[in-house]
Amino acid sequence: MWLGIKGGINLAQAAVSQSYTVLVPPPTAIVDGKDYKSFRNLGMQAALEVTFYTKGFSISVQPTYRNSSFEYSNRYEWMDGNNANNRLVLNYKQRQVMDHFVLPLLVKYDVAGNKLRPFVQAGVFYSILINANKRIEVSGTDYASGGVNEFSDEPVLVGANDLFADNHWGIIAGAGVHYNLGNVRLTLEGNYSKGLSLANSTENRYKNDRIAGVGDAMDDIKLNHISFSFGCLFPMRFLPSGFKTSDR
């Protein structure tokens, strides 16, 4: 049995299964679809790892705190049906920041090696929402005031817990390497997690007045992550004098 801690960085992707909007544009308006930025925003995670090892195989439970974020942008344009020069362009940049408690259950296999031991792993995870916030930046250009007037409003910051599901789940797979330094095991790994259930709340899609007021509604999304972590593990057993790690 090994016990240790690990931490690292992650990049998130919001995979859209169905898009929604508050606005129904008139014939003289143009509404661009949401443009999601995948694996752009840097997040972090920290975990406690408990691993049970036997004959090359391990079962690992890794309670994790994960902070991650994703963003998208959209654009609206209204114009005068009688004068195309009279128009208003609005640009929205929307960023969601989420804190989750993630409980992965992984099966590991040590491929080969002695002091340096590559491994592969796969399993499932269950994620519980802790907190979520949304930041909306609005800018635009007004061509209808007799000239070209560019403007930028103060960002709108709102709590967004009600916009996200209380929990979601998915699968995870990755690879890494162990390095045995005496009785301590150092670990470097990379993982890809794929959400299989919706990470947003379908019931509360339109219930946040401040967000609906800027014409936004949460799409149906599943969250995917790429993460990289470095860890340090310690064997949980009595170590007599002359003890050597199991790979020697």
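Quick note: numbers below take in every heavy atom, side chains included, and nothing from hydrogens, waters or symmetry partners.
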**Q** In Å and rounded to the nearest 0.5 Å, what is the CG to OG distance from Asp162 to Ser201?
**A**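 OG of Ser201 is found 7.5 Å from CG of Asp162.
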**Q** So, Glu137 and Gln94: side-chain donor and acceptor under 3.5 Å apart, yes or no?
**A**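 Their side chains do not contain a donor-acceptor pair, so the 3.5 Å distance test is not met.
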**Q** Would you say the side-chain atoms of Ser60 and Gln62 include a donor-acceptor pair closer than 3.5 Å?
**A**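 Yes.
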**Q** Do you see a donor-acceptor pair shorter than 3.5 Å between the side chains of Asp220 and Ser17?
**A**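 Not at all, the side chains of Asp220 and Ser17 share no donor-acceptor pair under 3.5 Å.
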**Q** Taking all non-hydrogen atoms of both residues, which atom of Phe164 and which atom of Ala132 are closest, and how far apart?
**A**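 Looks like CD1-CB, 3.6 Å.
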**Q** Does one side chain, of Asn86 or Tyr143, offer a donor that lies under 3.5 Å from an acceptor on the other?
**A**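 Distance-only check fails for Asn86 and Tyr143.
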**Q** Determine the minimum heavy-atom distance between Leu129 and Asn161, stating which atoms define it.
**A**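 Smallest heavy-atom distance, with atoms named: CD2-O, 3.7 Å.
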**Q** May I ask you to decide whether Asp110 forms a salt bridge with Lys108, counting only side-chain N to carboxylate O separations under 4.0 Å?
**A**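 No.
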**Q** Does a donor on one side chain and an acceptor on the other come within less than 3.5 Å for Tyr126 and Asn167?
**A**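 Yes, a side-chain donor-acceptor pair sits under 3.5 Å.
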**Q** In terms of hydrophobic clusters joined by side-chain contacts under 4.5 Å, are Phe101 and Ile9 together?
**A**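 In one cluster: no.
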**Q** In terms of heavy-atom contacts, does CD1 of Ile5 have more than 12 from other residues, nucleotides or ligands at under 6.0 Å?
**A**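 At most 12 heavy atoms, drawn from other residues, nucleotides or ligands, come within 6.0 Å of this atom.
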**Q** Is the CD1 atom of Ile59 crowded by more than 12 outside heavy atoms at less than 6.0 Å?
**A**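 It does not: Ile59 CD1 has 12 such atoms or fewer within range.
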**Q** How close do Phe151 and Val89 get, heavy atom to heavy atom, and via which atoms?
**A**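 Reported closest heavy-atom pair: CZ-O, 4.4 Å.
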**Q** Got Leu103 and Phe125 here, is their nearest side-chain heavy-atom distance under 4.5 Å?
**A**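 No - every pair of side-chain heavy atoms lies 4.5 Å or more apart.
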**Q** If the plane angle is over 60° it's perpendicular, under 30° parallel, otherwise tilted; pick one for Tyr72 and Tyr36.
**A**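 Taking Tyr36 first and then Tyr72, their aromatic rings sit tilted (interplane angle of 30° to 60°).
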**Q** With distance as the sole criterion, is a donor-acceptor pair present between the side chains of Asn224 and Gln13 under 3.5 Å?
**A**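 Yes, because at least one side-chain N or O of Asn224 sits under 3.5 Å from a partner of the opposite role on Gln13.
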**Q** Would Ile128 and Trp169 show up in the same hydrophobic cluster when neighbours are defined by side-chain heavy atoms closer than 4.5 Å?
**A**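 In one cluster with Ile128: Trp169, yes.
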**Q** Provide the closest heavy-atom pair for Asn67 versus Asn10 in the form atom of the first, atom of the second, distance.
**A**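 Distance-wise, the nearest heavy atoms are O-ND2, 3.2 Å.
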**Q** Going only through I, L, V, M, F, W and Y residues with side-chain contacts under 4.5 Å, is there a path from Ile172 to Phe52?
**A**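 Different clusters.
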**Q** Take the angle between the ring planes of Phe57 and Tyr109 and call it parallel below 30°, perpendicular above 60°, tilted in between.
**A**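 It falls in the tilted class, 30° to 60°.
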**Q** In terms of hydrophobic clustering (I, L, V, M, F, W, Y; side-chain heavy atoms under 4.5 Å; direct or indirect links), are Leu48 and Val61 co-clustered?
**A**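 Different hydrophobic clusters.
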**Q** Testing the 3.5 Å rule here: is there a donor-acceptor pair between the side chains of Ser139 and Ser152?
**A**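 Short answer, no.
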**Q** Taking all non-hydrogen atoms of both residues, which atom of Leu11 and which atom of Phe39 are closest, and how far apart?
**A**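 Scanning both residues, the minimum pair turns out to be O-CD2, 3.5 Å.
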**Q** Salt bridge or not for Glu71 and Arg135, using N-O below 4.0 Å?
**A**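 No, this pair does not count.
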**Q** Decide if the gap between the ring center of His178 and the ring center of Phe119 is smaller than 6.0 angstrom.
**A**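 Yes; Phe119 has its ring centre under 6.0 Å from that of His178.
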**Q** With a cut-off of 6.0 Å (strictly less than), are more than 12 heavy atoms of other residues, nucleotides or ligands near NZ of Lys34?
**A**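 Counting neighbours around NZ of Lys34, more than 12 heavy atoms of other residues, nucleotides or ligands fall under 6.0 Å, so yes.
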**Q** So, taking the atom named CG in Leu223 and the one named OG in Ser197, what distance separates them when rounded to the nearest 0.5 Å?
**A**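 Between atom CG of Leu223 and atom OG of Ser197 there are 9.0 Å.
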**Q** Would you say Met44 and Val97 are hydrophobically clustered, going by side-chain heavy atoms of ILVMFWY under 4.5 Å?
**A**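 Hydrophobic grouping puts Met44 apart from Val97.
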**Q** Donor-acceptor pair, distance only, cut-off 3.5 Å: does the side chain of Gln45 make one with the backbone of Thr64?
**A**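 Side chain of Gln45 to backbone of Thr64, a donor-acceptor pair under 3.5 Å: no, none is there.
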**Q** Decide whether a cation-pi geometry holds between Arg205 and Tyr20; the criteria are a distance under 6.0 Å from NZ or CZ to the six-membered ring centre and an angle within 45° of the ring axis.
**A**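 Cation-pi check for Arg205 and Tyr20: passes.
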**Q** Are Glu77 and Arg87 ion-paired here, with the side-chain N under 4.0 Å from a carboxylate O?
**A**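 Yes, Glu77 and Arg87 are salt-bridged.
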**Q** Counting heavy atoms not belonging to Phe228, are there more than 12 under 6.0 Å from its CZ?
**A**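 It does not: Phe228 CZ has 12 such atoms or fewer within range.
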**Q** Determine the minimum heavy-atom distance between Phe234 and Val184, stating which atoms define it.
**A**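 Smallest heavy-atom distance, with atoms named: CE2-CG2, 3.8 Å.
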**Q** Just wondering, do Phe70 and Arg95 contact through their side chains at under 4.5 Å, heavy atoms?
**A**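 No, too far: nothing below the 4.5 Å cut-off.
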**Q** Assess the side chains of His100 and Ser68: does a donor N or O sit below 3.5 Å from an acceptor N or O?
**A**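 Short answer, no.
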